[in-house]
Every structure is written in structure tokens, then in C-alpha cells.
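Data block below; observations after.
Side chains are part of it too, since the values below use all heavy atoms of this structure and drop only hydrogens, waters and symmetry mates.
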Amino acid sequence: MTVAFFSGRSRRAGAALGAVSAGLLVLAACEKPTPLATVTVGDSSINTAAACYNDGKAIKTADIQPCLNKKAEKVVEIAMDDKVRFGVDPTIAEHGWTLFINGQQAEQEPYKKTYRTIPGNAFFSTQTGETTSDTQVSIVETNGKTLTGIWHFEFKKKNS
């Protein structure tokens, strides 16, 4: 009868190799996080992951409107005279992004920089000129004619 004896060094090397293999399996099962979008008002910043994101590929046409209609999880209070700063991950800016207000596209051309500022009063009037006290603002990543990501924020008008 033969018994194989391994030195302590061999056992440690085998254990380390097993741990690395197990770690790689766990990492392979993880989903890659979506890029973040950030809104800053004054000294307060709020960021969010995408409500809909297909890893940079087009969102299915049938999924776009339901995603645009999802309620925002992040709420930002804004006074009419505040400056609202939008920041996006460089991967979003690379493709281009635009703002949607209450599910409707607010601008025609995609913006290709990671940062921009818009006055707070731009978000609290309707198409008919009436004022509103809350608005859903969505950052929408585009890649040509296709939408590839949607991030939502709810803006609430701060009482002065």
C-alpha cells in the first residue's frame, strides 16, 4: 500500500489555486454594474444606476415607453433659481445623452460631454405654460437612433 504525502508547501499552493479558481467563478457570475448618472444642486448630489440598461446595446423598442414611464426612485428638491448640474459616466457621454421630461424628449441633439448645468426653473413649467411642482427628468443615453440606457430623477419644487 502506498500513501502519497504532500509537503506543507504543496498543500498551501493547492489551497491557494483552489481559492483563486473559486473566486474567478464567483466573479464570472456577477453582473457588471450600470454606469451612474448624477444630479447636483448646491452642495447636495444624488446618483442613480440605470432604470433600463442593456450593456451599451439598444433597448428593445417595446421596452422603451414602459421604462420611460417607470417612477423615479431618487428625489431632488430644487428651487426655481437653483442651478441643476447633470453628470454622466464617460461611457454615456461617449455615445451621447439627452434629457426627457415627464417621458417626452426635451432636446433634439444628444449632448456628448460628461457635465452640464441647466437653470432649475426650466423643469417646472408645462408645454401649456402652467407651472408644476414636480417633474420626472430622465437622462437617456443614445447611440445613433437607438436608446441604450435610461436614468430617472424626480424633481420637486422647493418652497421658497
Side-chain angles (χ1 to χ4, degrees), residues 17-80 82-128 130-158:
L17 183 61
V20 168
S21 298
L24 289 174
L25 281 173
V26 168
L27 285 176
C30 293
E31 285 187 35
K32 183 176 159 187
T34 67
L36 295 177
T38 304
V39 171
T40 303
V41 179
D43 59 359
S44 176
S45 288
I46 295 177
N47 62 35
T48 189
C52 297
Y53 190 73
N54 192 18
D55 202 25
K57 299 176 200 80
I59 297 171
K60 293 178 188 170
T61 305
D63 295 338
I64 292 172
Q65 201 57 50
C67 186
L68 284 170
N69 292 336
K70 280 185 182 177
K71 183 144 176 63
E73 294 179 9
K74 305 289 181 147
V75 178
V76 183
E77 285 196 355
I78 300 171
M80 294 294 273
D82 280 339
K83 289 185 172 137
V84 181
R85 294 170 181 86
F86 293 90
V88 298
D89 193 278
T91 58
I92 299 169
E94 216 173 271
H95 294 131
W97 56 284
T98 187
L99 295 177
F100 278 52
I101 297 177
N102 293 325
Q104 300 296 313
Q105 190 169 355
E107 33 192 20
Q108 297 304 313
E109 295 296 317
Y111 196 72
K112 296 247 183 187
K113 295 183 179 177
T114 59
Y115 177 81
R116 69 192 290 190
T117 303
I118 297 176
N121 61 6
F123 301 102
F124 297 108
S125 60
T126 64
Q127 292 177 341
T128 60
E130 298 172 28
T131 60
T132 182
S133 61
D134 62 329
T135 302
Q136 177 148 310
V137 177
S138 303
I139 295 173
V140 178
E141 178 183 8
T142 62
N143 193 355
K145 297 278 185 203
T146 61
L147 303 184
T148 54
I150 301 173
W151 294 257
H152 296 300
F153 296 92
E154 182 179 350
F155 288 4
K156 288 206 175 277
K157 185 165 44 170
K158 196 184 294 184

Please identify each residue that fulfils ring-ring contact (aromatic ring centres under 6.0 Å, His included) with Phe100, with sequence neighbours left out.
none
Once side-chain contact (heavy atoms from CB on, under 4.5 Å) is applied, do any residues pair with Ala49, and if so which ones, sequence neighbours excluded?
Thr34, Leu36
Taking salt bridge (Lys or Arg N to Asp or Glu O under 4.0 Å) as the test, write out the residues that go with Arg116, two or more places apart.
Glu107
For residues 38-46, which side-chain N or O atoms pair as donor and acceptor with protein atoms under 3.5 Å away, sequence neighbours left out?
from, atom 1, to, atom 2, distance (Å)
Thr40, OG1, Ser45, OG, 2.7

Please, which pairs that meet salt bridge (charged side-chain N to carboxylate O under 4.0 Å, His left out) have at least one residue in residues 83-101, sequence neighbours excluded?
none
Suppose we screen for side-chain contact (heavy atoms from CB on, under 4.5 Å). Which residues come up paired with Gln65, at least two apart in sequence or across chains?
Leu68, Asn69
Taking atom NZ of Lys157 and atom OG1 of Thr135, what is their separation to the nearest 0.5 Å?
9.0 Å
Closest non-hydrogen contact found for Lys113 with Trp97 is O-NE1, 2.8 Å
So Leu99 and Tyr111, do their side chains get closer than 4.5 Å, heavy atoms only?
no
Show me the side-chain donor-acceptor pairs of residues 146-155 shorter than 3.5 Å, one per line, residues at least two apart or across chains.
from, atom 1, to, atom 2, distance (Å)
Thr146, OG1, Asn143, O, 2.9
Thr148, OG1, Glu141, O, 3.4
Thr148, OG1, Glu141, OE1, 3.4
Trp151, NE1, Pro35, O, 2.9
His152, ND1, Gln136, NE2, 3.1
His152, ND1, Ser138, OG, 2.7
His152, NE2, Cys67, O, 2.8
Glu154, OE1, Lys71, NZ, 3.0
Glu154, OE2, Lys156, NZ, 3.2

State which residues pass side-chain contact (heavy atoms from CB on, under 4.5 Å) with Lys57; sequence neighbours excluded, sorted by chain then number.
Asn54, Asp55
Please report the shortest heavy-atom distance between Ile118 and Ala122, naming the atom on each side.
CG2-CB, 3.9 Å
